[in-house]
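Accompanying notes for the structure given below.
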Amino acid sequence: MKNKPVFVFFISTLAIFCSFAQDNKEKKLDTLPEKTKIKEKVSSLTDNKIDNPEKVYYQHYGLRIGADISKPIYSILDKKYQGLELVADYRWNYRYYLAGEIGKERKENQTNYFDYTTNGQYIKLGIDYNSYDNWYGMENMIYFGGRYGFSIFNQEVSHYTLHTLHNYWEESLIGTKSDILTTYKGRTAHWLEAFLGIKVELFKHFYAGASIRFSFLLFQKKNDFPNFWIPGIQRVWEGSNFGINYNYTLSYMIPLYKKVKEKTYKSPEKEKDKIKKVP
């Protein structure tokens with residue numbers, strides 16, 4: 001019984017000391033500068049990994065590779081055509097992409113006076129500009145741009161007929177000159193290309209696209225036989241430097257890195273001030 005007052009005194013003293021220590025700690029925290037308090041709050045939020053997914057999202061940057069699926073389909077439907085085109089682009093920044101295509105085409109053509117086969121390769125290099133402002137979390141494209149194209153190819157003439165207005169004697173009009181019935185090798189063409197297209201992300205990093213392309217022929221190497229069909233441009237009309245074609249692509253982006261794009265919010269207080277200022 002004699003020890004009971006001593007025990008109560010000890011407990012009371014300990015409680016008073018703890019209360020004093022807690023009060024002293026709070027006063028010490030209150031004496032911290034305002035900037036230090038803010039930093040501690042921000043650090044606390046970061047440590048607890050409290051993040052607002054609506055405010056920040058990541059955009060992927062990398063190399064996208066694929067193929068024009070229209071050319072293999074056309075090769076199956078038309079036995080006189082064979083073609084393959086590989087496409088690629090690299091995202092340079094938010095709007096611009098470095099892009100290009102490389103391909104090979106072979107086409108047998110029959111006209112009123114000539115039967116010929118064109119066989120060759122081509123390459124196109126240029127820039128795409130994405131004009132579409134994606135919603136947050138989307139990476140689709142509505143784009144336009146330009147290309148410089150170069151092609152090297154051969155033209156093989158297998159048959160030709162002579163042109164005459166009146167064939168009274170019904171003579172044979174089939175041409176037999178060996179200098180015409182030959183293969184014209186090492187022909188080249190240079191052109192500029194403008195286009196408009198779209199790319200839609202079907203699945204994560206997997207895209208489907210389509211574009212229409214307008215070509216302007218800068219230079220073509222030709223001898224006795226004209227170039228009616230050029231790989232990369234396709235049909236070329238005699239006396240015209242313009243061409244038109246299209247492509248449908250499937251591609252996959254290889255993500256190399258990501259960049260954060262912060263969404264900007266309008267302050268409610270500023271919006272209220274604007275409303276008050278309106279007469």
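Predicted model only: the values in this text are computed from it and were never measured. Index from 1, following the sequence.
The minimum heavy-atom distance between Tyr248 and Ala210, with the atom names listed, is CD2-CB, 3.6 Å.
For OH of Tyr257, the number of neighbouring non-hydrogen atoms (other residues, nucleotides, ligands) closer than 6.0 Å is greater than 12. Heavy atoms of other residues, nucleotides or ligands lying less than 6.0 angstrom from CD1 of Ile65 number 12 at most.
Salt-bridge annotation for Asp133 and Arg95: present, with a side-chain N of the basic residue lying under 4.0 Å from a carboxylate O of the acidic one. A salt bridge links Glu108 with Arg106: at least one charged nitrogen is closer than 4.0 Å to a carboxylate oxygen. For Glu101 and Lys124, the salt-bridge test fails: no basic side-chain N is under 4.0 Å from an acidic carboxylate O. Comment: Lys185 does not engage Glu156 in a salt bridge, judged by the lack of any side-chain N to carboxylate O separation of less than 4.0 angstrom.
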Donor-acceptor contacts under 3.5 Å from residues 74-84 side chains, at least two apart:
residue, atom, partner, partner atom, Å
Tyr74, OH, Asp78, OD2, 3.3
Ser75, OG, Lys71, O, 2.8
Ser75, OG, Gly83, N, 3.2
Asp78, OD1, Lys80, N, 3.0
Lys80, NZ, Gln110, OE1, 3.4
Tyr81, OH, Glu105, OE2, 2.7

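Judged purely by atom type and a 3.5 angstrom limit, Arg147 has no side-chain atom pairing as donor or acceptor with the backbone of Ala194. Of the possible polar contacts, one joining the Asn154 side chain to the Gly186 backbone as a donor-acceptor pair under 3.5 Å is found. Looking only at distances, a side-chain donor or acceptor of Ser151 sits under 3.5 Å from a matching main-chain atom of Pro231. Between the side chain of Asn227 and the backbone N or O of Lys221, at least one donor-acceptor pair lies under 3.5 Å. Checked by atom type and distance alone, the side chain of Ser215 never pairs as donor or acceptor with a backbone atom of Phe242 at under 3.5 Å.
Residues Phe153 and Gln121 have side chains not in contact (no heavy-atom distance under 4.5 Å, counting atoms from C-beta outward). Two residues are said to be in side-chain contact when any heavy atoms from C-beta on lie closer than 4.5 Å; Gln155 and Arg187 meet this criterion. Two residues are said to be in side-chain contact when any heavy atoms from C-beta on lie closer than 4.5 Å; Ile198 and Tyr132 fail this criterion.
Leu202 and Val87 sit in two unconnected hydrophobic clusters of ILVMFWY residues. Membership requires side-chain heavy atoms under 4.5 Å apart, directly or through other members. When the side chains of ILVMFWY residues are joined at heavy-atom separations under 4.5 Å, either directly or via intervening members, Ile230 and Leu218 end up in two distinct hydrophobic clusters. Hydrophobic cluster membership is shared by Tyr129 and Leu98, with clusters built from Ile, Leu, Val, Met, Phe, Trp and Tyr side chains linked at under 4.5 angstrom. A single hydrophobic cluster is seen to contain both Tyr116 and Tyr184, as judged by linkage of ILVMFWY side chains at heavy-atom distances under 4.5 Å, directly or through other members. No single ILVMFWY cluster, assembled from side-chain heavy atoms under 4.5 Å apart, contains both Ile123 and Leu63.
Ring orientation note: the planes of His60 and His205 are nearly perpendicular, at an angle over 60° on the 30°/60° scale. Taking the six-membered ring where tryptophan is involved, the planes of Phe150 and His190 are tilted, since the angle between them lies from 30° to 60°.
Taking CD1 of Ile102 as the reference point, atom CG of Leu125 lies at 9.0 Å (rounded to 0.5 Å). Rounding to the nearest 0.5 Å gives a distance of 14.0 Å between CD1 of Ile127 and OH of Tyr143. The line from CH2 of Trp229 to OG1 of Thr117 is 11.0 Å long, rounded to the nearest 0.5 Å. Distance check, rounded to the nearest 0.5 Å: OG1 of Thr249 to NZ of Lys199 gives 5.5 Å. Atom-to-atom distance recorded for Asn140:CG and Asn134:CG is 5.5 Å, nearest 0.5 angstrom. Note: Ile233 CD1 to Asn241 CG = 9.0 Å, rounded to the nearest 0.5 Å.
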Checking side chain to side chain contact (heavy atoms under 4.5 Å, CB included) for the pair Tyr61/Gln59: CA distance, chi angles, key distance, verdict?
CA-CA 7 Å; Tyr61 288 71; Gln59 291 186 322; 3.9 Å; yes

Hey, mind stepping through Thr118 and Phe228 against side chain to side chain contact (heavy atoms under 4.5 Å, CB included) and telling me if it holds?
CA-CA 9 Å; Thr118 305; Phe228 294 112; over 6 Å; no

For the pair Glu85 and Tyr122, evaluate side chain to side chain contact (heavy atoms under 4.5 Å, CB included) and give the outcome as yes or no after the intermediate values.
CA-CA 9 Å; Glu85 180 178 277; Tyr122 63 90; 2.6 Å; yes

Please test Phe219 against Thr188 for side chain to side chain contact (heavy atoms under 4.5 Å, CB included), starting from the C-alpha separation and ending with a verdict.
CA-CA 8 Å; Phe219 170 80; Thr188 58; 4.1 Å; yes

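Each of Asn245, Asn247, Asp68 was compared with Ser211 under the side-chain hydrogen bond (donor to acceptor under 3.5 Å, both in side chains) criterion, and only Asn247 meets it.
Between Tyr252 and Phe206, the distance separating the two ring centers is not shorter than 6.0 angstrom. Phe214 has its ring centre no less than 6.0 Å from the ring centre of Phe216. Between Tyr97 and Tyr90, the distance from one ring center to the other does not fall under 6.0 angstrom.
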